[in-house]
Asks: 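Below are the C-alpha cells for one structure; questions will follow.
All residue numbers refer to positions in the sequence shown, counting from 1.
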Amino acid sequence: IADDATFLRRVTIDLTGRLPSTDTVQTFLADSDSEKRGKTADTLLASEEFNEYWTLQLAKLLRIGSKRDALEGARVYHDWLYQQLSDGVGYDQIARSVITSSGDTHENGPANFYRTVNGPRKQAEFMSELFMGSRLRCANCHNHPLDKWTQDDYHGLAAIFAKIEGGREIRAKKTGAVIHPKTGENATARIPGEDFLAENVDDGREALANWLTAEENPYFAKAIVNRLWKAMMGRGLVEPADDFRDTNPATHPDLLNQLADDFVDHGYDLRHTLRLIANSATYMRSANATSINEADDRFYSHARRRPLDPEVLADAI
C-alpha cells in the first residue's frame with residue numbers, strides 16, 4: 001500500500017487536477033484518523049476544484065472544442081456540462097439530454113452535441129463510441145469482422161440522425177435518409193442490435209435514449225465506469241476504452257460487471273463510482289514493483305506510473 005503522502009498526491013490530482021497544498025500535506029500526514037483517506041476523497045469530491053476538473057474530463061469525452069464558427073456554442077455547452085456536474089445530475093440524464101436535444105446552440109448547451117461531427121454516419125460513430133464503447137464504424141462497408149454489429153445496425157443508427165437538421169439551430173425534420181450500401185435504398189432507422197423503428201417515426205432519438213439509458217442496457221454503464229476506472233488507474237478494464245467486443249474482453253469481467261451494476265443502482269452517480277475506486281485497496285497500491293510483478297501491465301499488482309495531463313502539468317508548474 002502506498003504511503004500517506006503518495007496517496008494524497010495521487011487522489012488530489014485524479015479528483016481535482018491539482019497538487020495538494022503544503023498545508024494540506026502537513027495536516028494529512030499529522031492526522032492519526034484511520035478513516036482519513038476516505039474522508040479526504042469525500043472532501044475532494046465535494047469541492048469546486050472537482051467540478052472544474054471533471055467538467056474538463058467530460059468535455060474531452062464529448063469533444064467540446066472551440067471551432068471558429070461555434071465559439072459561443074462551445075462556451076454554452078461547457079457551462080451547461082459544468083452545471084450538470086455541480087448539481088450531481090446522473091450520467092444517464094446527461095446522455096439523454098444531449099441525444100434528444102434541439103434548439104439554438106448558442107442558448108441550449110446540449111444541442112451542440114449535433115455540431116461535434118458532420119453528417120449522420122459520423123454522428124452514429126461518435127454516439128456509439130462515446131456512450132456504448134463500441135466501434136460501430138467497422139460495420140459501415142461490411143458487417144463487423146470481430147463483433148456482432150451489422151450494416152443494418154450502422155446505417156440504421158445513422159438513419160435516426162439523418163432526420164436531424166444541423167447548423168446553429170438543431171431540430172428534427174420529416175425528411176432525411178442515408179443509403180444502405182448493400183441494398184442501394186434508404187436505410188431503415190434501427191436501435192443497434194435491437195429492432196427497426198416504425199417507418200412513420202419522425203424523430204427516433206427518444207427511442208434511442210430510452211434504450212441506451214435503460215437499466216438493462218448492456219453497454220452504457222459499462223462504457224462509462226470503464227472510463228472512470230481508466231482515469232483513476234491509468235488503464236481501462238477494457239482497452240481501448242471505445243472498443244468493447246467479445247474478442248476484446250475485460251481483464252477483470254466480474255469487476256466490470258459489478259462496477260456497472262453498482263453505478264446503475266446508485267443512480268448513475270459519477271461521484272459514487274469515483275469514490276468507490278478511490279477507496280479501494282487496488283487504487284491505494286504503491287507504484288513500486290517487485291521482481292515478481294514488475295512485468296505486470298494490466299492486473300494492478302502495483303500502481304501504474306502515469307504522466308500528468310497537459311492541463312494538470314501546466315497548473316502544477
Asks: Which heavy-atom pair separates Phe7 from Ala278 by the least distance, and what is that distance?
Replies: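 Looks like CE1-O, 3.9 Å.
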Asks: Would you say the ring centers of Tyr300 and His252 fall short of 6.0 Å from each other?
Replies: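 Distance test on ring centres: under 6.0 Å, yes.
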Asks: Test your reading of the model: is there a side-chain donor-acceptor pair from Arg37 to the backbone of Asn279, 3.5 Å cut-off?
Replies: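 Flag not set: sc Arg37 to bb Asn279 has no pair under 3.5 Å.
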Asks: Taking only Lys NZ, Arg NE, NH1 and NH2, and the carboxylate oxygens of Asp or Glu, determine whether Arg75 and Asp79 approach each other closer than 4.0 Å.
Replies: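 Looking at Arg75 and Asp79, the cut-off is met.
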Asks: Does Lys36 qualify as a cation-pi partner of Phe28, given the criterion of NZ or CZ under 6.0 Å from the six-membered ring centre and within 45 degrees of its axis?
Replies: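 Checked: cation-pi criterion met.
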Asks: Would you give the length of the straight line joining atom CG of Leu259 to atom CG of Leu237, rounded to the nearest 0.5 angstrom?
Replies: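 One finds 6.5 Å between CG of Leu259 and CG of Leu237.
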Asks: Return the set of residues passing ring pair (Phe, Tyr, Trp, His ring centres under 6.0 Å) with Phe126 (not counting sequence neighbours), or none when no residue passes.
Replies: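 Phe126 satisfies ring pair (Phe, Tyr, Trp, His ring centres under 6.0 Å) with Phe113 only.
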Asks: Tell me every residue that passes ring pair (Phe, Tyr, Trp, His ring centres under 6.0 Å) with His266, counting only those two or more places apart in sequence or in another chain.
Replies: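 Expected list: His272.
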Asks: Check for a donor-acceptor pair, side chain of Asp296 on one end and backbone N or O of Arg298 on the other, with a separation under 3.5 Å.
Replies: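 Pair found, side chain donor or acceptor close to backbone of Arg298.
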Asks: Would you mind telling me which of Ile160, Leu212, Leu157 makes a side-chain contact (heavy atoms from CB on, under 4.5 Å) with Pro192?
Replies: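 The option that passes is Leu157.
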Asks: Under 3.5 Å, is there a donor-acceptor pair linking the side chains of Thr247 and Arg245?
Replies: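 Side chains of Thr247 and Arg245: pair found under 3.5 Å.
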Asks: Please give me the minimum heavy-atom distance between Tyr283 and Met232, naming the atom from each residue.
Replies: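 Heavy atoms only, the tightest pair is CE1-O, 3.3 Å.
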Asks: Can you check whether Glu311 reaches Lys60 side chain to side chain, under 4.5 Å on heavy atoms?
Replies: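 Side-chain contact under 4.5 Å: yes.
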Asks: If you measure from the Lys or Arg side-chain nitrogens to the Asp or Glu carboxylate oxygens, is any gap between Lys173 and Glu165 under 4.0 Å?
Replies: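 No, Lys173 and Glu165 are not salt-bridged.
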Asks: Step through it carefully: locate the ring centre of Trp149, locate the ring centre of Tyr219, and say whether they are under 6.0 Å apart.
Replies: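 Yes: the rings meet the under 6.0 Å criterion.
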Asks: May I ask you to decide if Gly73's main-chain N or O and Asn112's side chain share a donor-acceptor pair within less than 3.5 Å?
Replies: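 Yes, because the side chain of Asn112 sits within donor-acceptor range (under 3.5 Å) of the backbone of Gly73.
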Asks: Sub-3.5 Å donor-acceptor pair from the side chain of Tyr268 to the main-chain atoms of Thr213, do we have one?
Replies: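 Yes; judged by distance alone, with no hydrogens or angles, the pair exists.
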Asks: Under the 3.5 angstrom rule, does the side chain of Arg9 hit a backbone N or O of Ile13 as a donor-acceptor pair?
Replies: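 No; judged by distance alone, with no hydrogens or angles, the pair does not exist.
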Asks: Side chains of Tyr154 and Asn143 only: does a donor on one sit below 3.5 Å from an acceptor on the other?
Replies: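 Their side chains do not contain a donor-acceptor pair, so the 3.5 Å distance test is not met.
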